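In what follows, a structure is listed as structure tokens, so that the remarks can point back to it.
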Amino acid sequence: MTTAISVSGLRKAFGRTQALDGLDLTVTTGEVHGFLGPNGAGKSTTIRVLLGLLRADGGRAELLGGDPWRDATELHRRLAYVPGDVTLWPTLSGGEVIDLLGRLRGGLDPKRRKDLLERFDLDPTKKGRTYSKGNRQKVALVAALASDVELLILDEPTSGLDPLMEEVFRECIARERQDGRTVLLSSHVLAEVEALCDRVSIIRNGKTVESGTLAELRHLTRTSITAELGSPLSGVDTMAGVHDYSAQGNKVQFEVDTAELDAVLRKLTEFGVRSLISQPPTLEQLFLRHYEVSA
Amino acid sequence: MNTLVGTGSLVRLVLRRERIQLPVWILVVSGIVAATASSFASLYPTVQSRQELAASIVNNPSILALSGPAQGLDTIGGMTEWKYGAVACVLVGLMAVFMTVRHTRADEETGRHELLGAGVVGRYAKLTATLIVVFGAGLAYALLIGFALTAQGLPAAGSFAMGLGIGGCVWFFSAVTAVAAQVSSSSRAANGIGGAVIGAAYLLRAAGDSAAEDGPRWLSWLSPIGWSQQMRPFAGERFWVLALFVVISVVLLGVGYALVGRRDIGAGLLPERAGRPSGVFGTFGLAWRLQRGILIGWTVGIVVLAGALGGISQSLKSILDSSPQVAQALQHLGGQQSLVDSFMAAILDVIGLAVSVYAIQAALRLRAEETAFRAEPVLAGSVARLRWAASHLAFALIGSAFLLAVAGTATGLAVGLTNGDVGTQLPRLLGAAMVQVPAVWVLAGIATALFGLLPRLTSLAWAALVVFLLLGQLGSLFQLSQWALDISPFTHLPKLPGGEFTVVPLIWLLVVTAALTLAGLAGFRRRDVG
Ligand SMILES: Nc1ncnc2c1ncn2[C@@H]1O[C@H](COP(=O)(O)OP(=O)(O)O)[C@@H](O)[C@H]1O
Ligand SMILES: [Mg+2]
């Protein structure tokens with residue numbers, strides 16, 4: 001297996017802000033890699049370094065076997081990028097921008113362009129200044145997805161899309177994976193990354209906190225469970241991986257390490273489950289857990 | 001009135017954003033008025049010495065066209081107004097246009113206005129807050145100039161008349177821009193309209209002031225810059241002219257406010273047309289799409305400016321023909337032809353400065369694209385940084401040379417056709433216009449160097465242009481030493497037509513341009529984008 005992106009010890013400061021503080025990131029060719037972190041964690045900065053737009057202060061970064069700063073032009077032929085905040089030229093139509101961006105990276109597949117315009121329900125004749133945020137993002141997405149490239153770098157690409165379009169986006173990414181393309185997808189929503197990615201890297205304050213498959217990260221995530229049972233529950237509060245347990249009559253509420261979820265649910269069903277609400281772990285909880293674990 | 005709710009806080013916001021620029025503008029322009037007066041006071045201390053200077057001006061329509069009517073020239077104040085009044089009006093006009101657009105249309109374009117508009121802010125609050133600050137600035141000019149000149153012992157009536165004439169221009173141009181900002185949906189176009197109105201105002205008064213006794217002298221009255229001069233500071237003040245500024249500004253503001261009430265936020269008056277569904281162009285094609293509108297607008301403006309000034313030079317000639325005494329008096333200055341030539345040379349200097357505005361604008365498009373995050377998707381494509389930079393710099397360099405060629409052709413045709421000697425005038429004036437190219441390119445080079453090396457300070461390119469303008473206009477008056485005058489690239493140009501052509505300084509200017517451009521490009525290659 002080859003490596004599409006390999007970053008180690010990357011550092012970048014803007015004045016007194018240390019945006020990247022020894023960041024590591026490895027993306028294997030052909031995988032969809034989630035790049036997860038809260039706002040201001042340094043995701044966009046890392047991506048800009050990888051695109052050769054920013055020059056790192058220290059550390060090593062390699063992209064598709066080349067140096068992102070030195071070989072920028074050649075490397076960009078082989079990748080497509082969707083910025084987090086898409087601004088378009090006010091006087092150019094969406095269709096013209098798609099063609100322009102496609103041409104700047106070595107060509108578009110016209111069939112795929114047409115297909116994507118339909119799927120994203122995008123009118124290519126509108127001028128840049130008349131598009132909504134979501135539609136501007138679609139312009140950039142269509143341009144990227146219709147390009148014939150090896151690597152897609154997407155910086156929070158769904159932040160302006162409605163749920164319907166998010167679904168279309170997920171389908172498209174699934175297809176990209178089938179076609180064997182590598183995808184780096186940055187996001188601050190754990191659920192999105194969970195649904196799409198093979199592996200994730202989680203960063204915070206410019207440092208990599210965790211990296212691995214989602215299964216490997218399970219030890220860090222907790223699911224909150226609220227349940228109403230047929231009879232009062234007993235024996236769960238002492239089970240391994242159960243936290244913050246509270247019961248009131250037949251109702252219980254607790255959190256459980258995702259790794260122990262199966263055993264706990266089996267136990268619950270013994271008491272007759274009437275209703276069950278489970279909340280997926282959030283990024284914030286994951287960080288809390290991480291620091292508890294490492295402390 | 002709930003349509004004005006929030007004006008107070010917005011005034012504070014505008015002042016906060018202008019806290020450096022606004023005081024700098026006001027202090028620099030007013031300070032130069034004061035300095036000009038004190039220079040005249042020391043250079044021409046006696047009435048007799050001033051009358052001698054006045055005698056050489058009064059009958060020279062070419063000087064009148066460039067500066068203004070000869071009135072009150074036997075006083076220090078009158079000379080100050082004559083030398084610097086029109087220039088000050090142009091400068092404060094530019095300030096008024098830029099500032100008005102920055103807080104109205106530009107904020108709408110970037111979406112900042114939406115953020116504010118969603119608060120408890122009335123429909124007219126943003127425009128009102130902007131106008132309060134800009135009109136306040138106009139008043140500040142009036143008072144500061146008035147006090148600065150009275151402090152030097154000049155008569156109070158004339159001092160404040162001059163100040164009010166300059167402040168009145170701030171009001172007028174701000175009011176015009178308030179309308180332009182509603183009509184056009186882009187801030188660039190609104191700035192362009194404002195700039196064109198300033199140019200037209202300058203031209204109209206140039207035509208009126210240089211006209212013969214029975215000629216179209218009324219043209220000056222169509223121009224706000226003309227009004228400021230028709231207030232006759234230090235020459236029997238006519239304060240009633242101030243009413244023109246007030247009435248016309250109020251009418252324009254009425255139009256502006258009516259338009260605000262009729263349109264959607266973010267939209268202009270013209271509906272948005274659908275674009276082409278597809279289109280293939282590369283880096284240079286993109287630059288052409290982004291820059292062509294501005295280049296076309298400038299071409300039209302330059303044709304009008306150059307053609308009109310070329311035409312004025314002919315009316316000068318007929319005045320000289322009709323007055324043998326004047327012609328004789330001027331004979332020792334080199335005769336009629338040399339008089340017209342020196343006028344044309346002065347005109348081409350003005351055009352060179354105007355085209356420099358275009359050159360800076362075109363070069364700084366790079367920075368505008370970068371800060372709007374529109375450079376990022378292009379540079380994330382397979383486009384080398386230098387190629388992208390070159391695509392816009394081509395417009396700064398080739399575009400400005402093209403505009404100067406247009407200016408030379410237009411003046412050549414205007415002069416040649418009225419004289420019936422196109423064959424000699426066209427190549428002469430075209431050549432004279434092209435001599436400006438290296439100096440204009442130095443400004444493009446400065447803009448490029450700043451873009452590459454000090455991207456946050458690119459507006460210093462405009463400051464450089466203002467400094468060069470002032471050095472050219474006032475440098476000799478202030479008796480600045482030669483090395484100070486030499487800072488301006490325009491100092492080094494041979495005075496054509498009429499003067500002697502020398503190639504060495506032009507080569508030096510090209511060398512400087514190349515060095516600045518290369519330094520800028522090298523800096524841009526190694527710096528962060530964003
Ligand atoms: N051009 C810049 N100048 C100064 N600070 C910046 C700049 N770009 C990013 N930062 C800072 O660097 C940190 C990381 O930002 P960013 O990479 O955009 O975060 P993310 O994309 O993860 O939300 C933030 O603290 C941000 O304020
Ligand atoms: Mg970001």
Side-chain angles (χ1 to χ4, degrees), chain A residues 12 14 44-45 47-56 69 72-106 108 110 113-114 117 123-130 133 139-140 143-144 147 153, chain B residues 108-111 114 184-189 264 266-268 271-294 365 368-388 391 456 524-530:
Chain A
K12 175 74 191 175
F14 297 107
S44 301
T45 305
I47 288 175
R48 290 200 178 104
V49 171
L50 287 173
L51 289 170
L53 294 168
L54 300 181
R55 194 178 197 145
W69 180 269
T73 330
E74 292 82 63
L75 293 175
H76 292 176
R77 249 183 257 286
R78 299 161 57 194
L79 64 84
Y81 163 59
V82 175
D85 209 347
V86 182
T87 21
L88 301 178
W89 295 271
T91 53
L92 263 56
S93 73
E96 287 177 310
V97 173
I98 291 172
D99 289 347
L100 169 71
L101 295 179
R103 182 181 154 141
L104 296 183
R105 54 175 81 106
L108 283 182
R113 175 188 191 272
K114 188 164 161 288
L117 281 177
D123 176 1
T125 63
K126 280 194 167 175
K127 294 281 180 68
R129 69 168 134 249
T130 64
K133 175 175 162 65
V139 169
S147 321
I153 298 182
Chain B
E108 275 185 58
E109 203 178 31
T110 54
E114 207 166 309
S184 123
S185 65
S186 99
S187 57
R188 246 171 250 283
D264 299 338
E272 205 65 54
R273 281 174 306 165
R276 294 187 296 164
S278 62
V280 174
F281 41 83
T283 321
F284 278 84
L286 176 64
W288 166 243
R289 277 295 294 271
L290 299 177
Q291 298 248 11
R292 70 179 174 193
I294 296 168
R365 186 66 189 238
E369 288 287 292
E370 183 187 1
T371 50
F373 297 109
R374 290 190 294 244
E376 206 170 276
V378 175
L379 293 173
S382 178
V383 176
R385 288 187 181 198
L386 290 188
R387 188 178 164 78
W388 175 73
S391 72
R456 267 153 230 251
F524 177 56
R525 251 175 68 155
R526 60 189 63 229
R527 78 171 168 83
D528 292 345
V529 173

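First the proteins, then the strands, lettered A, B, ... as listed; each starts at 1. The structure presented is a predicted model; accordingly, all values stated were derived computationally and were not measured.
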Does the side chain of B/Trp388 reach to within under 4.5 Å of the side chain of B/Val529, using non-hydrogen atoms? no
Just so I know, are the side chains of A/Val49 and A/Trp69 near enough to count as touching, which here means a heavy-atom distance under 4.5 Å? no
For chain B, which candidate among [options] shows the most heavy-atom pairs at distances under 4.5 Å?
| options | result |
| --- | --- |
| A/Arg113, A/Arg129, A/Lys12 | A/Arg129 |
| A/Leu88, A/Leu117, A/Ile98 | A/Leu88 |
| A/Leu79, A/Leu51, A/Leu108, A/Leu100 | A/Leu100 |
| A/Arg105, A/Arg48, A/Lys126 | A/Arg48 |

Heavy-atom proximity to chain B below 4.5 Å, by part of A/Arg55: both
Would you find a donor on one side and an acceptor on the other, under 3.5 Å apart, between the side chain of B/Ser382 and the backbone of A/Glu74? no
So does B/Leu379 get a backbone contact from the side chain of A/His76, meaning a donor-acceptor N/O pair under 3.5 Å? yes
Given the rule in the side-chain contact (heavy atoms from CB on, under 4.5 Å) test, do B/Arg387 and B/Phe284 qualify, once you have shown the distances and angles that lead to the verdict? CA-CA 8 Å; B/Arg387 188 178 164 78; B/Phe284 278 84; 3.9 Å; yes
If you count heavy-atom pairs within less than 4.5 Å of chain A, which of B/Ala375, B/Gly285, B/Gly530, B/Gly279 leads? B/Gly279
Best-contacting candidate, B/Gly282, B/Ala384, B/Pro377, B/Ser186, against chain A by heavy atom pairs under 4.5 angstrom: B/Gly282
To the closest 0.5 Å, what do you measure between CZ (B/Arg365) and OG (B/Ser391)? 10.5 Å
Which region of [X], side chain (C-beta onward) or backbone (N, CA, C, O), has a non-hydrogen atom less than 4.5 Å from a non-hydrogen atom of chain A, or is it both or neither?
| X | value |
| --- | --- |
| B/Leu286 | side chain |
| B/Arg188 | neither |
| B/Ala274 | both |
| B/Arg526 | both |

Here the side chain to side chain donor-acceptor pair (under 3.5 Å) pairs for residues 81-91 of chain A, sequence neighbours left out, are A/Tyr81-B/Glu376, A/Trp89-B/Glu369
Output every pair passing side chain to side chain donor-acceptor pair (under 3.5 Å) with a member in residues 276-290 of chain B, not counting sequence neighbours, ordered by first then second residue. A/Glu96-B/Arg276, A/Glu96-B/Arg289
